[in-house]
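When a residue number appears, it is its place in the shown sequence, counting from 1. Note that the coordinates shown come from a computational prediction; the quantities given were computed from them, not determined experimentally.
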Amino acid sequence: MQVQTYTLEQAAALAQCHPETLRNKIKASEAPGRKIGRAYVILENDLAAYLRGEYVRPGQAAAPQEISACPSTHAKLAAFGTSILSVQAGRELDALLGPKTKRPRRSTMIASKATSGE
């Protein structure tokens with residue numbers, strides 16, 4: 001199995017953008033590709049997925065997929081992927097573990113009245 005690869009310039013020509021734009025997107029992990037030595041290498045399959053809008057960045061979960069019904073029971077199924085409950089639970093945990101803020105202490109010094117020499 002032979003894998004087709006493109007240089008940065010070739011991939012930018014296929015994507016109809018400037019090579020510097022594609023290089024910046026690769027560095028930001030927004031586009032597929034790796035820097036090997038002094039040159040960038042982009043796989044044909046990854047570039048095609050990126051141009052179709054199907055490229056999934058490394059570390060990014062795939063989009064939840066909707067399944068309408070179970071084939072055997074025809075029961076309605078929920079979408080799978082990251083649930084809203086886990087996101088909400090993460091926010092609540094961040095709020096609980098965050099730094100506690102206290103009201104500033106009031107001054108405890110009592111101002112003494114200046115007495116005149118009488």
With a 6.0 Å cut-off (strictly less than), is the heavy-atom count around CD of Gln4, excluding the residue itself, greater than 12? yes
Distance check, rounded to the nearest 0.5 Å: Leu47 atom CG versus Arg52 atom CZ? 9.5 Å
Among all residues two or more places apart in sequence or in another chain, which pass the side chain to side chain donor-acceptor pair (under 3.5 Å) test with Glu9? none
For Arg38, side chain to side chain donor-acceptor pair (under 3.5 Å) partners two or more places apart: none
What heavy-atom pair brings Pro19 and Leu8 nearest, and what distance separates the two atoms? O-CD2, 3.7 Å
CZ of Arg34 to CD1 of Ile42, rounded to nearest 0.5 Å, is 11.0 Å
Same apolar cluster (I L V M F W Y, side chains within < 4.5 Å links), Val41/Tyr55: no
Approximate separation, where rounding is to 0.5 Å, of Arg23 CZ and Lys35 NZ: 7.5 Å
To the nearest 0.5 Å, what is the distance between OG1 (Thr21) and CD1 (Ile26)? 11.0 Å
Do Tyr50 and Glu30 make a side-chain contact, defined as non-hydrogen atoms from C-beta onward lying under 4.5 Å apart? no
Check side chain to side chain donor-acceptor pair (under 3.5 Å) between Tyr6 and all other residues, then give those that pass, not counting sequence neighbours. Glu44
What's the shortest heavy-atom distance between Leu22 and Ala12, and which atoms? CD2-N, 3.6 Å
